[in-house]
Amino acid sequence: QVHLVESGGGLVQAGGSLKLSCAASIRTINSYSLGWFRQAPGKEREFVSSIAWGDDSTIDADSVKGRFTISRDNAKNMIYLQMNSLKPEDTAIYYCGAARAPFGSPLTTEGSYSYWGQGTQVTVSS
């Protein structure tokens, strides 16, 4: 069982930055692909970014490319999402997810993930 806890959300003006963190309560996240998803009011949860284990390869949604960066610290069992140049349309609850996956395989579909955190709210004002 993997327990995930997100933190770092908040209120920020458009153009600002936030860094989300996700702590995993497991001996090691070394063999897990990790990801961030978000859900805005009245919308379905959508993929944001994912990072594979082994080679740290990443995939980002087109809407966040060049602005968001996912990273992981296996020694600390932490996942991060650095968000720059934030826009009002980035407002959502952000969730981190984890799943066992093949080497070098970031995961982009919600159904691929076995474990989820409770989410952290990000609000971007115009």
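The model shown is predicted, which means the values in this text are computed figures rather than measured ones.
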| message | For the backbone of His3 and the side chain of Ser25, can you confirm whether one donor and one acceptor N or O come within less than 3.5 Å of each other? | response | yes
query = Does the side chain of Leu4 come within less than 4.5 Å of Cys96's, by heavy atoms?
reply = yes
Donor-acceptor check, side chain of Arg45 to backbone of Tyr94, threshold 3.5 angstrom: yes or no?
no
**Asked** Does a salt bridge link Asp90 with Arg38, judged by any charged N lying under 4.0 Å from a carboxylate O?
**Response** yes
With Met83 as partner, the option from Val48, Leu18, Val12, Thr69 fulfilling side chain to side chain contact (heavy atoms under 4.5 Å, CB included) is Leu18
Distance col, row Thr58:OG1 vs Ile70:CD1, nearest 0.5 angstrom, shows 7.5 Å
query: Among the clusters formed by ILVMFWY side chains lying less than 4.5 Å apart, do Tyr32 and Tyr113 turn up in the same one?
result: no
**Request:** Return yes if some donor-acceptor pair links the side-chain N/O of Gln13 with the main-chain N/O of Val124 below 3.5 Å, else return no.
**Result:** no
Could you check whether Ser114 and Arg100, counting side-chain N and O atoms only, form a donor-acceptor pair closer than 3.5 Å? no
Main chain of Ala52, side chain of Arg72: is a donor-acceptor contact present, judged purely on distance under 3.5 Å? yes
When rounded to the nearest 0.5 Å, the distance separating CG of Leu20 from CZ of Phe68 is 8.0 Å
CG (Asn74) and CG (Asn30) are apart, to the nearest 0.5 Å, by 4.0 Å
dist Ile79:CD1 -> Ser21:OG (nearest 0.5 Å) comes out at 9.5 Å
(message) Using only atom types and a distance under 3.5 Å, with no angle test, would you say the side chain of Trp53 pairs donor to acceptor with the backbone of Ala101?
(response) yes
Review point. Within a strict 4.5 Å, meaning less than it, do heavy atoms of the Gln1 and Tyr115 side chains meet?
Key: yes
Answer yes if Trp36 and Leu34 sit in the same cluster of Ile, Leu, Val, Met, Phe, Trp and Tyr residues linked by side chain heavy atoms under 4.5 Å apart, and no otherwise. yes
OG (Ser85) and CZ (Arg67) are apart, to the nearest 0.5 Å, by 7.0 Å
Let me check something: do Leu81 and Ile93 share a hydrophobic cluster, defined by ILVMFWY side-chain heavy atoms less than 4.5 Å apart, either directly or through other members?
no
- Query: Got Ser33 and Leu107 here, is their nearest side-chain heavy-atom distance under 4.5 Å?
  - Reply: yes
Quick check against the 3.5 Å criterion: does Gln39 have a side-chain atom that pairs as donor or acceptor with the backbone of Glu44?
no
Note: with side-chain heavy atoms under 4.5 Å as the link, the other cluster members for Tyr80 come out as Met78
Backbone of Phe37 reached by a side-chain donor or acceptor of Glu46 within 3.5 Å | no
For Thr120 and Gly9, the nearest pair of non-hydrogen atoms, with its separation, is OG1-N, 3.2 Å
For Ser126 and Pro88 the tightest heavy-atom approach is CB-CG, 3.9 Å
**Request:** Would you confirm whether Thr91, through its side chain, and Thr123, through its main-chain N or O, come within 3.5 Å as a donor-acceptor pair?
**Result:** no
Test of understanding: clusters of I, L, V, M, F, W, Y form through side-chain heavy atoms closer than 4.5 Å, transitively. Do Val64 and Tyr95 belong to the same one?
no
Q. Applying the 4.5 Å side-chain criterion to the ILVMFWY set and letting contacts propagate, would Ile29 and Ile59 be lumped into a single cluster?
A. no
